[in-house]
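Sharing a structure, written as structure tokens. Questions coming.
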Amino acid sequence: MESNSRKNTIIYFFSIIALLGAAAVLHITRADHAGTTTHPASQTAVAWTATYNEADFSSSEIRELVRRLQQIMQADRDAEMLRPVIIQLGVHLRNANDPVPPVVADLLRDLSVEHPVKDIRLMAYIAMISALQNEAGESGVGIGFAAR
């Protein structure tokens with residue numbers, strides 16, 4: 001009986017050591033991946049800002065809404081802050097007669113793919129379709145997906 005007790009105690013201690021080792025490996029893995037994702041995101045933000053600054057917006061309202069949308073996406077992606085901006089941008093895109101720069105559709109595409117809240121993804125997708133329909137560029141590209 002005492003032999004079973006010691007055997008169970010040894011198994012218990014080895015299990016604890018194995019769990020602590022697994023937790024340490026998981027922590028190291030998360031720390032390694034956290035550092036690698038920050039660098040490309042900052043490069044993407046710099047590239048987007050350069051494209052945004054070069055874009056020819058015919059509507060100052062759309063330019064301002066796109067700028068606000070980008071700021072919210074960089075900050076915290078708060079769904080409550082994103083909803084009114086996406087709705088306003090979608091309305092402006094549907095009512096716009098002038099062409100919209102491709103940077104607008106790109107930003108909305110990223111939001112429609114990456115945001116964790118389902119209704120934000122859906123609203124961004126619908127606004128993206130409107131932006132693609134009004135997108136400036138080559139005629140005959142269709143809805144704009146061929147250019148990407």
Take atom CG in Asn8; do more than 12 heavy atoms of anything else shown fall under 6.0 Å from it?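 Atom CG in Asn8 is packed in, count exceeds 12.
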
Gln74, Arg67, Arg68 screened by side chain to side chain donor-acceptor pair (under 3.5 Å) with Gln71, the one that passes: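 For Gln71, the side chain to side chain donor-acceptor pair (under 3.5 Å) test succeeds with only one of Gln74, Arg67, Arg68, which is Arg67.
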
Looking only at non-hydrogen atoms, find the nearest pair between Met128 and Ser112 and report the distance.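 The answer is SD-OG, 4.5 Å.
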
Over all atoms of both residues, closest heavy-atom pair of Ala127 and Gly90: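 It is CB-CA, 4.2 Å.
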
Going hydrophobic residue to hydrophobic residue with side-chain gaps under 4.5 angstrom, can you get from Val113 over to Val66?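 Each belongs to a different hydrophobic cluster.
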
Hydrophobic cluster of Leu122, others only, ordered by chain and residue number, side-chain cut-off 4.5 Å: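 Reading the cluster by chain and number, Leu122 sits alongside Ile126.
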
Working note: Ile86 + Leu111, criterion side-chain contact (heavy atoms from CB on, under 4.5 Å); need CA distance, chi angles, decisive distance, verdict. CA-CA 10 Å; Ile86 295 171; Leu111 186 61; 3.4 Å; yes

Point-to-point distance, once rounded to the nearest 0.5 Å, from CG of Asn4 to CZ of Arg6: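 Those atoms lie 12.0 Å apart.
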
Specify the closest pair of heavy atoms between His115 and Val117, including all atoms of both residues, with the distance to one decimal.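 Closest pair (atom of His115, atom of Val117, distance): ND1-N, 3.0 Å.
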
Residues in side chain to side chain contact (heavy atoms under 4.5 Å, CB included) contact with Val91, at least two apart in sequence or another chain: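 With sequence neighbours excluded, Val91 shows a side chain to side chain contact (heavy atoms under 4.5 Å, CB included) to Arg94, Asn95, given in chain and number order.
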
Got Leu108 and Leu132 here, is their nearest side-chain heavy-atom distance under 4.5 Å?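 Contact flag for Leu108/Leu132 side chains = no.
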
Arg63: partners by salt bridge (Lys or Arg N to Asp or Glu O under 4.0 Å), with sequence neighbours left out: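 Not a single residue meets the salt bridge (Lys or Arg N to Asp or Glu O under 4.0 Å) criterion with Arg63.
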
Main-chain N/O of Ile120 paired with Arg83 side-chain donor or acceptor, under 3.5 Å: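 Here the side-chain-to-backbone pair does not exist.
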
Show me, pair by pair, the donor-acceptor contacts under 3.5 angstrom made by side chains of residues 11-23, not counting sequence neighbours?
unit_1, atom_1, unit_2, atom_2, d
Ser15, OG, Ile11, O, 2.9

Roughly how far, to the nearest 0.5 Å, is CE of Met73 from CD of Glu114?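 Those atoms lie 6.0 Å apart.
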
Minimum-distance pair of heavy atoms, taken over all atoms of Arg121 and Pro116: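 Closest pair (atom of Arg121, atom of Pro116, distance): NH1-O, 3.2 Å.
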
Contacts of type side chain to side chain contact (heavy atoms under 4.5 Å, CB included), residue His92, not counting sequence neighbours: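 Partners of His92 by the side chain to side chain contact (heavy atoms under 4.5 Å, CB included) criterion, ordered by chain and then number, come out as Glu61, Ile62, Leu65.
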
Does some side-chain heavy atom of Val104 sit less than 4.5 Å from a side-chain heavy atom of Asn134?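 Side chain of Asn134 against side chain of Val104, heavy atoms only: no contact under 4.5 Å found.
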
Asp98: partners by side chain to side chain contact (heavy atoms under 4.5 Å, CB included), with sequence neighbours left out: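 Side chain to side chain contact (heavy atoms under 4.5 Å, CB included) check on Asp98 returns Ser58.
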
